[in-house]
Structure formats: C-alpha cells, structure tokens
Amino acid sequence: MRSFVSSRLALAVAGIAALACAKEKPAEQAAVPAPPAAPNVVHVEAADYSFKVADTVPSGVTTFHMMNGGKEVHQMVLIKAPMAAMQKMDPNAPPPADLVVAGGPNAAAPGGTAEATLDLAPGEYTMVCFVPAPDGKPHMMHGMMKGLTVTQGSSTAVLPTPDMTVKLTDYAYAIPDTLAAGHHVIKFENDGPQQHEAVFVKLDAGKTAEEFLKWAEKLQGPPPGAPINGAGPMTVGQSNTVQVDLVPGNYALMCFVGDTKDHKPHFMHGMVKKITVK
C-alpha cells in the first residue's frame, strides 16, 4: 500500500510539474521582434566626369555608397527631377522653387569613398556633381549627370539611429566644438531657409580651415586637408544620415552652396564650423 501511495504521489507531482512547464513554455518561447531590415545599399562609381550606377532602385531607406575613381574630388547629389529637365535648366539661374534636392554622399577625395543614407520617395531623379573643375565649371556641366528611376519598394528598413543631430541654418552648424574620436552616426537636417550642405574636412596637421577654403578657390597644388564625407546640398526639410570614423585632430564643416541673394558661397557668410576631435 505504501509503495502504491508513493507511486501515486510521484505521478501527481510529475503531472503538476509537467503542467507548470507547459504553462511556462510559451512565455519562454515568446516571439522576439525581428530587428529592422538593413537599408538597401546602392554602389556608385564616380569618375572624371561620370557616374556608374544602376538605372533603377526601389524606394525606401537607402544608403548610397560612392567610390571616387577619378583624379578630382566628387560628390553625388540627388535631385528629384528627370535628367531631361535638369539639362534644360540654366545653371546660373536660381533653381525652381519646387525643386527637391535630396542630398547624398559629400564629398570624396580621389581614391576615397563617401556615403549617405536617406529615405527615397518614388519618382524620377538625376544624380549630379556640383564640385568645380579646374576651369571653374561644375562637373555637371562636363557631363557628370545620371538619371535614376526610383520605383515603389516594399522595404521595412529604418534610418540608422544617430548619436547626434546637426541642424543647418543660415549660416551655421549646430554641432559641438569638440567631439570624441571614434565612430559617429550624424543626422544632418536642413532647417533653411536656403539650401545647405555639410562638407566634412579633416585638416592636415598645422593647417587651418581658412587655408583649405583658399585652396578650394583655385583647386591648385596639394590640398591642406581632405574631405571625409558629409551631406550633399539639400532643400529645406530634407535630411541625410552620415556615418564617419573620426581620429584625433582638427576638422571643419563647410558649405559651398551659393547664396540666393549675392550668389557667394555660404562659407563666405561664415558657414564654417571648426571642430576638434579628441
């Protein structure tokens, strides 16, 4: 009898334990939310003076990775307009008020790379490079333009989470004077009221932002620094997310966009921010 009771008790305890495990199991195996999808990456080969890239890409969060195989500095600026319309525009006239300039990788030294992530809406775009050639004309006037069709996509990717957001205004960058060395994810937002860009320059030892700007006027001789990415020209309300790896040294953010009133580049209005990385 004693052994029978013990067996019954053991079975009861085992049954209770099994029920407890059954109740706990769903909690242990609860579905873990899947991480966000990674942005679509579009590789762009820049040369003197052309872009090599796919003709069509899907809409959504997209990272444009530009590789500069040319002998000059290049950028890739996305403008929401068909290439045929861009070719008819007067480069010396103010852009149409409704023209959307979405930004892009800005800028890469010869042999270097640059990238920017943005949320692409469907439509017809044109890639252009506004960097001036040695003759003073922007690269787009030498044929550095490429049409891009953005189709309706289904990606669920989200923009990278920035560790800082930098607002661009007339004529300033809202960013600290000192940054920590290492990897940074920076969201550049154009707060307007004009188009603005952010060219990130790593200055050579002992060189200044003023020396780099003086060199940029003629593009002759060795530069006193090198561009290391940034956000291309953007109309008001547009944003680009940029990832950079900063080593200790002196840097500067600069805007070369021409002013709507006097057509002088914005750096001549003081849109230069000196930054120390420690």
Side-chain angles (χ1 to χ4, degrees), residues 44 46 63-68 70 72-78 101-118 129-132 159-160 162-169 171-191 195-217 219 222-234 238-257 265-278:
V44 182
T63 297
F64 286 91
H65 178 79
M66 184 184 72
M67 301 159 284
N68 186 0
E72 299 180 31
V73 172
H74 291 299
Q75 62 179 184
M76 191 217 81
V77 184
L78 273 174
V101 183
N106 186 22
T113 63
E115 67 177 44
T117 303
L118 53 158
C129 181
F130 292 120
V131 175
L159 289 164
D163 56 71
M164 72 178 78
T165 297
V166 178
K167 293 186 180 295
L168 286 58
T169 59
Y171 300 98
Y173 298 101
I175 188 172
D177 296 332
T178 303
L179 298 177
H183 185 74
H184 290 278
V185 181
I186 306 174
K187 184 178 182 181
F188 290 100
E189 294 181 345
N190 185 8
D191 244 11
Q195 280 189 38
H196 290 298
E197 68 175 345
V199 179
F200 225 136
V201 175
K202 169 69 170 67
L203 299 168
D204 291 344
K207 299 299 181 179
T208 65
E210 290 76 14
E211 288 176 289
F212 186 90
L213 291 170
K214 187 175 181 179
W215 170 84
E217 291 178 4
L219 299 174
I228 57 161
N229 210 351
M234 299 178 284
Q238 297 294 309
S239 66
N240 283 192
T241 301
V242 174
Q243 301 193 41
V244 292
D245 292 299
L246 303 178
V247 298
N250 292 321
Y251 294 73
L253 279 174
M254 308 173 179
C255 183
F256 292 86
V257 174
H266 288 164
F267 70 79
M268 295 185 69
H269 288 273
M271 198 163 179
V272 179
K273 177 68 175 182
K274 301 172 184 177
I275 301 168
T276 300
V277 175
K278 297 182 178 180

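Quick caveat: nothing in here was measured; it's all calculated off a predicted structure.
- For the pairing with Thr63, the side chain to side chain contact (heavy atoms under 4.5 Å, CB included) check across Thr241, Leu118, Val242, Thr117 returns one residue only, Thr117.
- The distance from atom CE of Met76 to atom CZ of Phe130, rounded to the nearest 0.5 Å, is 11.5 Å.
- At least one side-chain heavy atom of His65 sits less than 4.5 Å from a side-chain heavy atom of Met67.
- The aromatic rings of His196 and His266 sit tilted, their planes meeting at an angle between 30° and 60°.
- Side-chain contact between Val277 and Val247: absent, with no pair of heavy atoms (C-beta onward) separated by less than 4.5 Å.
- For the pair Met234/Phe188, a side-chain contact is recorded, criterion being any heavy-atom separation below 4.5 Å from C-beta on.
- Tyr173 does not carry Lys273 over the face of its six-membered ring by the limits of under 6.0 Å from the centre and within 45° of the normal.
- Side-chain contact between Lys274 and Glu210: present, with at least one pair of heavy atoms (C-beta onward) separated by less than 4.5 Å.
- Partners of Asp163 according to the side chain to side chain donor-acceptor pair (under 3.5 Å) rule, which considers only residues two or more places apart in sequence or in another chain, are His184.
- Partners of Lys214 under the side chain to side chain contact (heavy atoms under 4.5 Å, CB included) rule, at least two apart in sequence or in another chain, do not exist in this structure.
- Put simply, the side chain of Ile175 reaches to within 4.5 Å of the side chain of Leu253, judged on heavy atoms.
- Checked against side chain to side chain contact (heavy atoms under 4.5 Å, CB included), Pro162 has the following partners two or more places apart in sequence or in another chain: Thr165, Val185, Lys187.
- Taking CD from Glu115 and CZ from Phe64, the interatomic distance works out to 11.5 Å, rounded to the nearest 0.5 Å.
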